[in-house]
Amino acid sequence: MRRRCLGLVLVVLLSSVLPAVGQGLTRPPTAADRAAIVTKGWAASRDVLGVMLAKAYEPGVGGRMGATGQATYQSWLWLWQWCDLLARDEDAEAAKFLAAHLRLSPQDQSLVLIPPGLAAGADLQPAPAGAAQAMMAAASPQKIFGDLLRADELPPQHQPLADLVPKDVLAEWLGNEEFSRMLFANLAPGDYAPGVLRALAQIQLEQPGKFREYRALALAIALVYDQKMPAFWPHNQVAPKDVPLQDYRPVDWFTFWVQSNEAKGNLQDLRILEPEQAKFVVDAPLAPSEYAWARANVKFARTDFAQAYSSVTYDEKRYQRGQFNWPDSPYTLAAIKQQGGICVDQAYYAMVAGKARGLPTLFFTGDGNDGGHAWFGYLKAGNRWDLNCGRYENQKFATGHALDPQTWQPITDHELAFLAANFHARPEYAASQDDLVLAGIFESQGNLTQAHAALDSAIAVCPMNAGAWDAKTAFLVRTGAPVEELRQHHVAAARQFASEPDLKAAHLAALADLARQSGDSAAASSLDNQIITQNQSTRADLGVDTLAKQLQALVNNGQLDDAFKKYRQQMTGPGKSGGSDIFYKIVQPFVNVLLAAGEQERAQQAVELARAALKPPMGTTLQRDLDALEDTVLAAPKKTPAKP
């Protein structure tokens, strides 16, 4: 009771300084309002503004925006988000960032650090609560964060994030609503917030004029360079020592890209890009000489830039020799152009050349009928991407895999296309995202009913907002909602995303898991089969993922006989259309499981079944990898019969 009274007193005190808030958010915040917030403190102001925003909140209904669609309400919400961000403790943010990269090995209960660029394996479990804090208390920051953060990132301190930014800089940021919109629309849970704020402050202090002109570019650079890039960048088929990398500070990259943009050689003015587009320009930290060479030598028009890929001569002899890695020499664009290369080199060359001309680009890899392949994609016009440059249609590459440079987590071409869809630029989407913020505020206040209503509003206002559906899923699980409510939620989501195979499959898989947990194995199998059959022709990878999950569950339960029976069914059924995807996700892992169990004879049968199903053409990567797997099986020691 005493704590509640103190909270009410605080509300009254701050409301007396911010009369507009006390009157129900009837006008936009003024400079005096912002100054009062700074005076009262970020945490106190966050709590009071949260109460005010909750009181004035109205959910949206049936596509009609509620309070979050109103400009005045949104202005106050941005102020709350600033207070919430700046009140956070740097140590706590570092622990949260570290925790996102920690997993627990079920074999020996040891903690596993997942480095940038890699996704955690399905066999790993979430790390225990408090594991990151314990690790930070027991070892030096360099030892803990050496693989995660830039070398020049300062060790985290026990201080609010507001202390990382000069007060005059903060005052300017709080007063600029366009910058606030960009920041909070793009700052993601996987970002290291202290690094983002430090980089932004550094850019503003050293380049104040250009910062105001290129805010989106500055934010993109801060979001990309807040953490380390993957050690294997740009791909696994070149030694990192041969890549001409440049270790610049974020502010130096900002200066470089501003100068590049103002040299008048770009195919795209960087000032008109949103941060979510610009991050795909600034994410290759190469020596400036590489970009200069590309600007001087790669002259394709924007509409024809896909030709940059095929402008590198394909080295057929190198491929036939099985020399998939770049020779031991500098991996420069000039060398690739002169010597030729295989698909990974063509894709890298085109990707970097596009960035040099101001075009957002991505490097894709995928598994097709004959094995792995690499291609690139670029922003061709407006918000329209061409994600198929160098992608061979006859190979049926169902999915292209790239890295999102903001968090260095894997992203697919399908996800990117969905993120670039037109609905993301509509006010309804922004209001839906803000509904999610309000849901978090309500939950932190203990008002689960209103939190639920805000989540429903986010879905109702913008049904295509996949993040809103995911947020409600997490909320229902977190609050122990009845199974039937969860089931109805996933049924509605699967219906909403009927034309989006990835999203529909995810919700069908969730329904299958619910059925299994309820003991209805028949319903679970039916849902799994629905995913497989519905995606067999165009998105076989989704079916393969489901098959792999079924097989792994049997292996985990020690049902090796049933697992082999399921494998045989796959190879004589869906496996025939799986291409190399089914080899790398099912055949190779399962054969290794059999070998580890001493089942060499079954492992040999598994290889033979795969060869009959996949029929790899001679000389392809798939044929070589299948041969190599068979050699491994033949070289394995035979199982010794047990003595009677």
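For the numbers below, each heavy atom of this structure counts, side chains included, while hydrogens, waters and symmetry mates do not.
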Visitor: Can you tell me how far the CG atom of Asp47 sits from the CH2 atom of Trp80, to the nearest 0.5 Å?
Guide: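 If I round to the nearest 0.5 Å, the distance is 9.5 Å.
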Visitor: Tell me the ring pair (Phe, Tyr, Trp, His ring centres under 6.0 Å) pairs involving residues 547-570, sequence neighbours left out?
Guide: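 Qualifying pairs: Tyr567-Phe590.
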Visitor: Taking side chain as C-beta onward, heavy atoms only, is Leu118 less than 4.5 Å from Phe232?
Guide: yes
Visitor: Can you pull out every side-chain hydrogen bond (donor to acceptor under 3.5 Å, both in side chains) where at least one residue sits in residues 489-503? Sequence neighbours excluded, please.
Guide: Thr473-His489, His490-His507, Asp502-Arg539
Visitor: Could you tell me whether the side chain of Met464 reaches within less than 4.5 Å of the side chain of Phe497, counting heavy atoms only?
Guide: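 The answer is yes; the side chains approach within 4.5 Å.
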Visitor: If we only count heavy atoms from C-beta on, is the Phe475 to His452 side-chain gap below 4.5 Å?
Guide: yes
Visitor: Given 3.5 Å as the limit, does a donor-acceptor pair link the side chain of Asp191 with the main chain of Ala193, or not?
Guide: no
Visitor: Verify side-chain contact (heavy atoms from CB on, under 4.5 Å) between Arg215 and Met182, making sure each step is shown before the conclusion.
Guide: CA-CA 9 Å; Arg215 286 191 182 93; Met182 287 192 298; 3.6 Å; yes
Visitor: For Phe442 and Ala54, which heavy atoms make the closest approach, and how far apart are they?
Guide: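 Distance-wise, the nearest heavy atoms are CE2-CB, 3.4 Å.
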Visitor: Out of the candidates Phe364, Phe280, Phe418, only one should pair with Trp385 under the ring-ring contact (aromatic ring centres under 6.0 Å, His included) rule; please name it.
Guide: Phe280
Visitor: Side chains of Ser180 and Gln81: is there a donor and an acceptor less than 3.5 Å apart?
Guide: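 Ser180 vs Gln81: no donor-acceptor pair found between side chains.
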Visitor: With the side chain counted from C-beta on, respond yes when Leu508 and Gln534 share a heavy-atom pair under 4.5 Å apart, and no when they do not.
Guide: yes
Visitor: Can you confirm whether Gln125 is buried at CD, in the sense that more than 12 heavy atoms of other residues, nucleotides or ligands lie under 6.0 Å from that atom?
Guide: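 Check passes, neighbour count above 12.
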Visitor: Step by step, work out the side-chain contact (heavy atoms from CB on, under 4.5 Å) result for Glu443 and Leu448.
Guide: CA-CA 5 Å; Glu443 189 171 354; Leu448 299 185; 3.9 Å; yes
Visitor: For a side-chain contact (heavy atoms from CB on, under 4.5 Å) with Leu379, tell me which candidate from Val281, Thr361, Leu273 qualifies.
Guide: Leu273
Visitor: Can you tell me if Asn592 uses its side chain to pair, donor with acceptor, with the backbone of Pro589 under 3.5 Å?
Guide: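 Absent.
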Visitor: Is there a side-chain contact between Met52 and Trp76 (heavy atoms, below 4.5 Å)?
Guide: no
Visitor: Pairing donors with acceptors under 3.5 angstrom, does anything connect the side chains of Asn383 and Gln277?
Guide: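 Their side chains do contain a donor-acceptor pair, which is all the 3.5 Å distance test asks for.
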Visitor: Can Leu514 and Arg487 be said to form a side-chain contact (heavy atoms from CB on, under 4.5 Å), step by step?
Guide: CA-CA 7 Å; Leu514 288 175; Arg487 193 191 71 79; 4.3 Å; yes
Visitor: Could you state the interatomic distance from CD (Gln70) to CG (Asp434), rounded to the nearest 0.5 Å?
Guide: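 Atom-to-atom, Gln70:CD and Asp434:CG are 11.5 Å apart.
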Visitor: What is the minimum heavy-atom distance between Pro194 and Leu161, and which atoms define it?
Guide: CG-CD2, 3.8 Å
Visitor: Under a 3.5 Å cutoff, is there a donor and acceptor pairing between the side chains of Asp528 and Thr546?
Guide: no
Visitor: So which heavy atom on Pro126 is nearest to which on Arg103, and how close?
Guide: CA-CD, 4.3 Å
Visitor: Between Val437 and Phe184, is there a side-chain heavy-atom distance shorter than 4.5 Å?
Guide: no
Visitor: Here's a test for you: under side-chain contact (heavy atoms from CB on, under 4.5 Å), which of Met351, Met229, Lys355 qualifies with Asp283?
Guide: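 Among Met351, Met229, Lys355, the one that satisfies the side-chain contact (heavy atoms from CB on, under 4.5 Å) with Asp283 is Lys355.
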Visitor: Is a side-chain donor or acceptor of Ser525 paired with a backbone partner of Ser521 at a separation under 3.5 angstrom?
Guide: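 At least one qualifying donor-acceptor pair exists.
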Visitor: Please find the pair of heavy atoms, one from Asp147 and one from Pro116, that lie closest to each other, and give the distance.
Guide: O-CD, 3.2 Å
Visitor: Is there a donor-acceptor pair closer than 3.5 Å between any side-chain N or O of Tyr73 and the backbone N or O of Ala56?
Guide: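 No: the side chain of Tyr73 does not pair with the backbone of Ala56.
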Visitor: Using a 3.5 Å distance criterion without hydrogens, assess whether the side chain of Ser444 forms a donor-acceptor pair with backbone atoms of Ile441.
Guide: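 Yes.
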Visitor: Whether Asp561 and Lys565 form a salt bridge (side-chain N of Lys/Arg under 4.0 Å from carboxylate O of Asp/Glu) is what I want to check.
Guide: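 Here Lys565 does not pair with Asp561 in a salt bridge, since their nearest N and O are not under 4.0 Å apart.
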Visitor: Would you call Glu274 and Arg181 a salt bridge, taking side-chain N to carboxylate O under 4.0 Å as the test?
Guide: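 The answer is yes: the pair qualifies as a salt bridge.
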Visitor: On a heavy-atom basis, which atom in Gly195 and which in Asp226 lie closest, and how many Å separate them?
Guide: C-CB, 4.1 Å
Visitor: Mind checking the CG-CD spacing from Asn529 to Gln550? Nearest 0.5 Å is all I need.
Guide: 6.5 Å
Visitor: With heavy-atom distances below 4.5 Å as the criterion, would you say the side chains of Leu86 and Leu197 are in contact?
Guide: yes
Visitor: Looking at CD of Gln268 and NZ of Lys380, how far apart are the two atoms once the value is rounded to the nearest 0.5 Å?
Guide: 14.5 Å
Visitor: Quick check: closest heavy atoms across Ile459 and Ala468, and the distance to 0.1 Å?
Guide: CG1-CB, 3.9 Å
Visitor: Would you say the side chains of Asp562 and Gln559 form a donor-acceptor pair under 3.5 Å?
Guide: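 Yes, a side-chain donor-acceptor pair sits under 3.5 Å.
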Visitor: Are the side chains of Leu102 and Ile114 in touch, meaning some heavy atoms are under 4.5 Å apart?
Guide: no
Visitor: Starting at CD of Gln406, measure out to CG of Leu187 and round the result to the nearest 0.5 Å.
Guide: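 Output value for this atom pair is 7.5 Å.
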Visitor: Roughly how far, to the nearest 0.5 Å, is the CG atom of Leu149 from the NZ atom of Lys228?
Guide: 9.0 Å
Visitor: Would you say Gln552 and Asn556 are linked by a side-chain donor-acceptor pair, where the criterion is simply a distance under 3.5 Å?
Guide: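 Note: Asn556 and Gln552 side chains meet the donor-acceptor criterion.
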